[in-house]
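First the structure, in the form of structure tokens, and then the observations on it.
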There are 2 protein chains.
Amino acid sequence: MTAEPPVPATSNTAGEPAQRRRRDAAETRQLLLDAARQRFARDGYAATTVRDIADDAGVNVALISRYFTSKEGLFEACLRAAGDELRRTTGQTPADRVPEAIARHIADLGAAGLSSQLSLLLRSSGDAGADEIRRGVLVRSSEQLAAARGWRPGEPGSEQLLLRAQMALAAGIGVAVLRSSIRLEPLSSATEQDLVGPLRDLVDALLPPR
Amino acid sequence: MTAEPPVPATSNTAGEPAQRRRRDAAETRQLLLDAARQRFARDGYAATTVRDIADDAGVNVALISRYFTSKEGLFEACLRAAGDELRRTTGQTPADRVPEAIARHIADLGAAGLSSQLSLLLRSSGDAGADEIRRGVLVRSSEQLAAARGWRPGEPGSEQLLLRAQMALAAGIGVAVLRSSIRLEPLSSATEQDLVGPLRDLVDALLPPR
DNA sequence: ACTAGATGTAAACGTTTGCTGACTTAGCCA
DNA sequence: TGGCTAAGTCAGCAAACGTTTACATCTAGT
């Protein structure tokens with residue numbers, strides 16, 4: 001679980017460390033982020049304890065407070081990371097490739113956990129600050145999604161387009177949760193190839209290509 | 001666990017009580033169910049305390065243990081109620097009216113809380129029993145949804161249809177949560193009329209009418 | 001009217017939670 | 001090599017949690 005073989009101190013100047021340094025604040029931070037994202041996405045905020053996260057990361061509990069101030073702070077950091085990831089997808093993807101990109105996100109159940117980053121956006125912490133971050137992430141992503149199909153801010157009559165983009169986003173997130181958290185079969189065992197077809201139909205129906 | 005809830009023992013012949021009887025086990029049970037459903041759907045299982053629920057219902061905390069054995073038992077009861085409601089929709093609705101039915105569920109943010117019953121299906125309690133109930137509800141509902149478009153159990157090649165039905169269900173639940181729990185605008189303020197069009201496009205794209 | 005049992009109340013129990021402060025250890029440079 | 005600081009450890013606190021226990025009060029049947 002945790003026992004890492006002792007590693008001699010390396011005077012690594014530039015190269016990425018092949019082995020983990022025994023004390024490395026940046027890496028510890030990242031370990032906590034990864035563990036927290038998975039736990040929060042799968043079990044929700046309130047059901048996850050800081051001791052769970054610390055154990056998963058193989059790190060002492062007190063370091064959560066040190067690096068992220070509080071459990072809330074850790075959650076917000078996870079949310080920001082998921083937001084960056086999602087915005088990268090909805091922003092940098094050509095309009096006709098969006099279904100494939102969403103399918104790739106949803107399908108990735110692995111340790112990288114793109115799917116869990118999606119599920120995270122559905123989890124609430126009860127904290128106003130975190131809720132605002134999540135809402136911002138979702139608004140920006142849906143706006144980027146809508147913009148690819150012709151939506152422009154304030155333009156009359158294009159409000160419908162934003163609404164439809166948010167529904168597409170909701171659909172993607174719903175599928176991700178039912179897959180990775182609820183583990184509904186056969187949805188849970190479906191491969192990326194199984195998902196991309198229906199997702200294309202779904203996205204094209206909600207946001208018709210111009 | 002053996003404790004069965006005490007029988008209501010109301011000798012009410014026919015007429016519904018115009019005013020609440022000062023002591024009425026059946027009504028107290030229902031008050032707890034309603035309050036719990038809303039709380040669980042909006043805040044999740046772990047974030048909801050039994051004291052919250054009891055206060056919302058205007059009832060003493062200890063009565064949760066009396067009528068539902070435990071917090072878990074109350075959650076399972078909520079899930080069963082939501083399952084009955086959902087099965088009624090997916091089962092009794094003509095195939096071409098499914099989008100309207102889903103839209104009606106999602107749109108209903110009121111006290112009746114059809115929307116919260118949908119959101120509830122996305123919430124996990126961490127308990128194996130509750131998870132099994134929820135999975136059963138979702139499986140049966142998606143099977144009914146798929147059957148309306150030609151799916152038959154075990155029929156080769158129709159597995160795709162079940163997968164698509166589950167994705168449609170996931171989409172509906174995702175929209176419900178983003179609306180009622182996350183309160184994402186403009187999705188949250190959209191009316192039933194705003195929702196039914198996109199939902200029809202979505203359902204028809206995933207499950208083409210035969 | 002009386003009583004037994006159903007219904008509701010109040011207070012506390014033991015556990016788990018997030019978080020903190022004092023402490024120890026490792027890494028780095030003079 | 002010493003020593004200073006960053007990084008990590010440890011034990012424990014106060015609050016909140018679900019649940020239980022002992023008690024009070026209402027209702028229905030006789």
- Query: With a 4.0 Å cut-off on heavy atoms, is F68(A) in touch with a base, just the backbone sugar-phosphate, or nothing at all?
  - Reply: nothing

- Item | Closest approach of I106(A) to G172(A) (non-hydrogen atoms, all atoms of both residues) | CD1-O, 3.5 Å

- By nearest-nucleotide position on DNA chain C, the 5'-leaning member of L63(B) and V50(A) is L63(B)

- Query: Going by atom types alone, do Q38(A) and D34(A) pair a side-chain donor with an acceptor below 3.5 Å?
  - Reply: no

- Message: Checking the side chain of S158(B) only, and the main-chain atoms of G154(B) only, is there a donor and an acceptor separated by less than 3.5 Å?
- Response: no

- Task: Would you mind telling me which residue lines up with the more 5' stretch of DNA chain C, A47(A) or S65(A), judged by nearest nucleotide?
- Result: A47(A)

- Task: Can you tell me the distance, in whole Å, between the CD1 atom of I64(B) and the P atom of dT9(C)?
- Result: 13 Å

- Rounded distance in Å - CG (D55(B)) to P (dA10(C)): 12 Å

- Atom CD of E27(A) and atom C1' of dG27(C): how far apart are they, to the nearest Å? 15 Å

- Closest non-hydrogen atom pair, G44(B) against T48(B): O-OG1, 2.7 Å

- Would you kindly give the OH-to-C1' distance between Y67(B) and dA6(C), to the nearest whole Å? 8 Å

- Checking R51(B) side chain against V61(B) main chain: does a donor-acceptor pair fall under 3.5 Å? no

- Cationic tip of K71(A) above Y45(A) ring, under 6.0 Å, 45° of axis: yes

- Any idea which heavy atoms bring A165(B) and A146(B) closest together, and the distance? CB-CB, 3.7 Å

Considering only nitrogen or oxygen atoms on both sides, find all protein atoms under 3.5 Å from nucleotides 11-16 of chain C and state each distance.
residue : atom : partner : partner atom : Å
dA12(C) : N6   : R51(B)  : NH2          : 3.2

List, with names and distances, any nitrogen or oxygen atoms from the protein found under 3.5 Å away from nitrogen or oxygen atoms belonging to nucleotides 23-25 of chain D.
residue : atom : partner : partner atom : Å
dT25(D) : O2   : R23(B)  : NH1          : 2.7
dT25(D) : O2   : R23(B)  : NH2          : 3.2

- Do you know which two heavy atoms are closest between R179(B) and A107(B), and how far apart they sit? NH2-O, 3.4 Å

- Message: Quick check: closest heavy atoms across S116(B) and A41(B), and the distance to 0.1 Å?
- Response: O-CB, 3.2 Å

- Given atom CG of L31(A) and atom P of dG8(D), what is their separation to the nearest angstrom? 10 Å

